[in-house]
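This report refers to the structure that appears directly beneath it.
Positions are given from 1, in the same order as the sequence printed here. Atom set for the values below is all heavy atoms of this structure, side chains included, hydrogens, waters and symmetry mates excluded. On a predicted model such as this, the values are computed, not experimentally measured, just so you know.
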Amino acid sequence: MPKRKQTRPDSDSDASAFLEDETSKRARVSATATATEQRVRDTSIVATTHPASWHAVRDIDVVRESLLAWYDKIHEVRGMPWRKTYDPSLDKDGKAQRAYEVWVSEIMLQQTQVVTVIPYYKKWMAKFPTIRDLAASDIETVNSLWKGLGYYSRAARLLNGAQKVVKELDDMQSKIPGIGRYSAGAICSIAYNQCVPVLDGNVIRLMSRFLGRKQAQDMLWAAAEGFVESSSRPGDINQALIELGSTVCKVRDPACSDCALRPWCRAYQRTQIPADAEADIEELCTLCEPLPADEPDTGLVTTYPIKVERKKAREELDSVNVIEWRTWDKRERYFMLVRRPEGGIPFPHASLRYPNISGASATAAKVAEIPHGLLRNLLVHPPSHQKDSKSQSSSMRVVYVKPAGDVVHIFSHIKKTYRVQWVVLEGGDEKPPELQNSPIVVDRFEDSDAEKCGSQSTTSVARWIALDEVKDATIGTGVTKVWNLVQMLWK
């Protein structure tokens, strides 16, 4: 390994300063080496034995050539209908159409596997072939098409973004609400052939291993940018990086032998360093922490990216009320479907959720009082809150509020427990009770007063649907769990 060149002093005073500087520098390097050796002795780890220059991206043209050669062979294997070769002959409208297709696919692929997205993408494009077709639709139609894909807020963002583009913006290249840096990079590079990088979870893992160190986000973005800079195929490079991270450089069991970047992958190369390898102590990388000893070959590769300890998910308890109205003879049964807004666009919710109950408000008696406050906000003529049902024989009444149990639903950062209860109304008229025309306001349940439900906060819109229509309603996964649980009370 070549030694670092040293600048010699020109005078005795310079020599003294030079020696003092060199002594201090060697002391720092020696201290780092000593600390590393101590950690190696104390735990089963692999010491740092590479120079700092390892982390620089070199021979990028050769690296890209290898990456694209691999991608050209496999890009059609998984049959993604949105993946097309860039066509430089497309006019402005043609590029805008490609941008729309890429945008829809990227939103659908968030938190969802490719194999799941493909049939949904095909149905979506058949229903909304252009962004103007989507903009002319409504949230109910969009959600019905999205049913089963989960995370309904994504569908709302697509509709909101499409309407924004059609009404106010020129094309998909303009700033669209809900599009972050990654999606923007995908659209610009794939649809417009612009040299803009992407960095999703797959590319973060790939870049971290390729560079062989835990990197800050800005450094990983810089590395991704280096791959597309001055390239004639930036869209293909970005798609190749995503595909390589997804199918080859996987979280567990990476297929290093099949990787197009293996010759330049620092994480892989560290698995090949002999245990007794020596490096110039002055060039030794002092930025990398020693790595835990692991399985041979790919064992050290999977230590990248070095995982940050996740915060424990916040736990919350919600009261969820499934409200039913039935005729006196019980032949007709209707359930309330509530559509809650999420970021300005509503998404379906098949029950009334009362958020964040705790402490005294979580007692069975307090939770049983919640529906009465909700009904006053929902119905034009709510039933009076009397426990003596005989006095209400000729009018609508609450027959009972029956606990159904708990449903646990995990979000990315919240662990929700839904405390479910079945609220049954009877009588009043031959039709379901009239709902308030104005938006319904459902507020947090306060310990001090169960009657204060609905003073401020979330605005919702409700309607009644027949029992046999509930199965076809567009509801999320968590609400489906609630519905399945409450059905057990009468089945």
Measure the spacing between [atom1] of [X] and [atom2] of [Y] and express it to the nearest 0.5 Å.
X: Glu243; Y: Asn202; atom1: CD; atom2: CG; answer: 9.0 Å
X: Lys416; Y: Ile410; atom1: NZ; atom2: CD1; answer: 11.5 Å
X: Tyr151; Y: Gln111; atom1: OH; atom2: CD; answer: 5.0 Å
X: Cys256; Y: Lys250; atom1: SG; atom2: NZ; answer: 11.0 Å
X: Trp221; Y: Tyr182; atom1: CH2; atom2: OH; answer: 9.0 Å
X: Tyr71; Y: Leu244; atom1: OH; atom2: CG; answer: 12.0 Å

Are Arg78 and Thr247 close enough that a side-chain donor and a side-chain acceptor fall under 3.5 Å?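 No pair is found: no donor N or O on one side chain lies under 3.5 Å from an acceptor on the other.
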Applying side chain to side chain donor-acceptor pair (under 3.5 Å), run through Arg181 and Gln217 and close with a yes or a no. CA-CA 12 Å; Arg181 187 176 180 183; Gln217 286 283 322; over 6 Å; no
Less than 4.5 Å apart, any side-chain heavy atom of [X] and any of [Y]?
X: Val165; Y: Tyr100; result: no
X: Pro254; Y: Arg209; result: yes
X: Asp236; Y: His75; result: no
X: Trp82; Y: Ile190; result: no
X: Leu158; Y: Trp103; result: yes
X: Trp264; Y: Phe210; result: yes
X: Arg64; Y: Ser231; result: yes
X: Asp406; Y: Leu485; result: no

Is the side chain of [X] donor-acceptor paired with the backbone N or O of [Y] at a distance under 3.5 Å, no angle test?
X: Ser144; Y: Thr141; value: yes
X: Tyr268; Y: Gly212; value: no
X: Ser105; Y: Val102; value: yes
X: Asn238; Y: Val196; value: yes
X: Arg154; Y: Met108; value: yes
X: Thr112; Y: Gln110; value: yes
X: Asp318; Y: Val320; value: no
X: Thr417; Y: Leu317; value: no
X: Ser189; Y: Gly185; value: yes

For the residue pair [X] and [Y], what are the closest heavy atoms and their distance?
X: Leu261; Y: Leu67; result: CD2-CB, 4.2 Å
X: Asn193; Y: Ser232; result: ND2-O, 3.4 Å
X: Val408; Y: Lys481; result: O-NZ, 3.5 Å
X: Val198; Y: Ala186; result: CG1-N, 3.4 Å
X: Cys195; Y: Pro234; result: CA-CB, 3.8 Å
X: Tyr121; Y: Pro81; result: CD2-CG, 3.4 Å

Mind running side chain to side chain contact (heavy atoms under 4.5 Å, CB included) on Phe128 and Val104 for me, showing each step along the way? CA-CA 10 Å; Phe128 309 122; Val104 171; over 6 Å; no
How about NZ on Lys471, more than 12 heavy atoms from neighbouring residues, nucleotides or ligands closer than 6.0 Å, or not?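 It does: Lys471 NZ has more than 12 such atoms within range.
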Looking at Glu65, I want to see if its CD is surrounded by more than 12 non-hydrogen atoms of other residues, nucleotides or ligands under 6.0 Å. no
From CA spacing to verdict: side chain to side chain contact (heavy atoms under 4.5 Å, CB included), Asn321, Gln421: CA-CA 5 Å; Asn321 302 273; Gln421 51 190 8; 2.6 Å; yes
Where do Phe227 and Val63 land on the side chain to side chain contact (heavy atoms under 4.5 Å, CB included) test, with the steps shown first? CA-CA 9 Å; Phe227 269 79; Val63 174; 3.7 Å; yes
Give me each pair satisfying salt bridge (Lys or Arg N to Asp or Glu O under 4.0 Å) with a member in residues 103-127, each pair once, sequence neighbours excluded.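 Counting only pairs at least two positions apart or across chains, no salt bridge (Lys or Arg N to Asp or Glu O under 4.0 Å) contact touches residues 103-127.
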Going through the checks in order, is the side chain to side chain contact (heavy atoms under 4.5 Å, CB included) test met by Phe335 and Glu469? CA-CA 9 Å; Phe335 287 82; Glu469 296 176 359; over 6 Å; no
Looking at residues at least two apart in the chain, or sitting in another chain, which of them share a side chain to side chain contact (heavy atoms under 4.5 Å, CB included) with Asp87? Ser89, Leu90
